[in-house]
Amino acid sequence: MSMAERTQLDRTQMHPGAMVAPVPGSSALDRVEREIYRVEAFIAGASLVVMLATIVFSVIARYFELPVPNVSELGIVAMAPLTFVGAALCTYARAHISVEIAQQLPSRLLRSIAHAGAMLSQLLFAGIFLYVAWEFFAYAYESNENLIDLGTPVAVPAGFMVAGSALMIVHALADLYRLVTGQPHPGLPNSGGVS
């Protein structure tokens, strides 16, 4: 193990919630998870743009009394990927309160236990939510229900609920694996990491 890798490992073990810059020879797991993160960031960003654009368009259409369909439904649908894929993105980025709490603990062992507890709790939550979301998605898909204004299938936002829950599970399992094996978190793509 190189000196840079050892230093990074020490920093991560001292602060299990700390995001660190990726080691040049990072593992296949790290590379795959970073690519998933990039897709999640794109989906969440695009959802936010859709929400903002539909709000602006709706305001303009109402002000000028334009005879156009109500597109605010798209903004409502875009809330699902922003919320649920965004939650998975936050899991990877370690942008949840348990990380902040864990970093305040006095010993490395306590920080590791707190971090493991947070990830196990997140796995439990995401697993239960995945089950519920799958049931909702299956019902929406089979019933072929649509929203009122534009006829958007209800299965679309329900599908993002399923995807977000599954991605939270993937990130939590990867984080637990790193914690158990003593590997550092790969950090956010293009961020240089945060120590």
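Here, residue 1 is the first one in the sequence, and each next residue gets the next number.
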When you look at Phe160 and Phe84, which way does the ring-ring contact (aromatic ring centres under 6.0 Å, His included) test go after all the steps? CA-CA 7 Å; Phe160 280 109; Phe84 298 104; 9.4 Å; no
CA sep, side-chain torsions, deciding dist, call: Asp30, His185, side-chain hydrogen bond (donor to acceptor under 3.5 Å, both in side chains): CA-CA 8 Å; Asp30 293 345; His185 190 278; over 6 Å; no
Hey, mind stepping through Leu124 and Ser121 against side-chain contact (heavy atoms from CB on, under 4.5 Å) and telling me if it holds? CA-CA 5 Å; Leu124 179 64; Ser121 298; 5.7 Å; no
Where do Glu40 and Arg34 land on the salt bridge (Lys or Arg N to Asp or Glu O under 4.0 Å) test, with the steps shown first? CA-CA 10 Å; Glu40 291 167 348; Arg34 276 194 298 269; over 6 Å; no
For the pair Asp175 and Arg94, evaluate side-chain contact (heavy atoms from CB on, under 4.5 Å) and give the outcome as yes or no after the intermediate values. CA-CA 9 Å; Asp175 220 15; Arg94 293 181 166 183; 2.6 Å; yes
Between Asn146 and Val154, does a side-chain contact (heavy atoms from CB on, under 4.5 Å) hold up when you go through it step by step? CA-CA 5 Å; Asn146 297 322; Val154 174; 5.8 Å; no
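The CD1 atom of Ile43 sits 14.0 Å away from atom CG of Leu48, with the distance rounded to the nearest 0.5 Å. Atom CD1 of Ile76 and atom CG of Asp149 lie 8.0 Å apart (nearest 0.5 Å). For the atom pair NE2 of His115 and CG of Leu120, the computed distance is 10.0 Å after rounding to the nearest 0.5 Å. The line from CD1 of Ile128 to CG of Leu123 is 11.0 Å long, rounded to the nearest 0.5 Å. The CG atom of Leu89 sits 13.5 Å away from the CZ atom of Phe42 when rounded to the nearest 0.5 Å. Rounding to the nearest 0.5 Å gives a distance of 12.5 Å between CD1 of Ile169 and CE of Met119.
Contact check for Pro69 versus Leu150: side-chain heavy atoms found under the 4.5 Å cut-off. The side-chain heavy atoms of Leu110 and Ser107, taken from C-beta on, include a pair separated by under 4.5 Å. Side-chain atoms of Phe136 and Pro157, non-hydrogen and from C-beta on, never get closer than 4.5 Å to each other. Counting heavy atoms from C-beta on, the side chains of Pro186 and Arg31 never come closer than 4.5 Å. Side-chain contact between Tyr92 and Leu167 is absent, with no heavy atoms from C-beta onward closer than 4.5 Å. Put simply, the side chain of Ile36 reaches to within 4.5 Å of the side chain of His171, judged on heavy atoms.
Under a hydrophobic-cluster definition in which Ile, Leu, Val, Met, Phe, Trp and Tyr are linked whenever side-chain heavy atoms come within less than 4.5 Å, directly or via other members, Leu147 and Met161 are assigned to the same cluster. Residue Val39 is not grouped with residue Leu82 when hydrophobic side chains (ILVMFWY) are merged at heavy-atom distances under 4.5 angstrom, including chains of intermediate members. Taken together through direct or relayed side-chain contacts under 4.5 Å among Ile, Leu, Val, Met, Phe, Trp and Tyr, Val59 and Phe64 form parts of separate hydrophobic clusters. Criterion: ILVMFWY side-chain heavy atoms under 4.5 Å apart, direct or through other members. Under it, Ile113 and Val180 are not part of a common hydrophobic cluster. Under the 4.5 Å side-chain contact rule for hydrophobic residues, Phe125 and Val85 share a cluster.
Taking each heavy atom of Arg178 and Pro184 in turn, the nearest pair found is CD-O, 3.3 Å. Taking both residues in full, the closest heavy atoms of Arg111 and Leu105 are given as NH1-O, 2.8 Å, listed atom of the first, atom of the second, then distance. Considering all non-hydrogen atoms of both residues, Gly164 and Ala88 come closest at O-CB, 3.7 Å. For the residue pair Ser58 and Asn70, the shortest heavy atom distance occurs at OG-OD1, 4.1 Å. Heavy atoms only, all atoms of each residue included: Glu33 and Ala174 are closest at OE1-CB, 3.4 Å.
Panel note: side chain Thr54, backbone Met51; a donor-acceptor pair is recorded below 3.5 Å.
Ring to ring, Phe137 and Trp134 are close: their centroids are under 6.0 angstrom apart.
Residues forming a side chain to side chain contact (heavy atoms under 4.5 Å, CB included) with Tyr177 (at least two apart in sequence, or on another chain): Leu29, Thr181, Gln183.
Open room surrounds CD1 on Ile148; 12 or fewer heavy atoms of other groups in view lie less than 6.0 Å from it.
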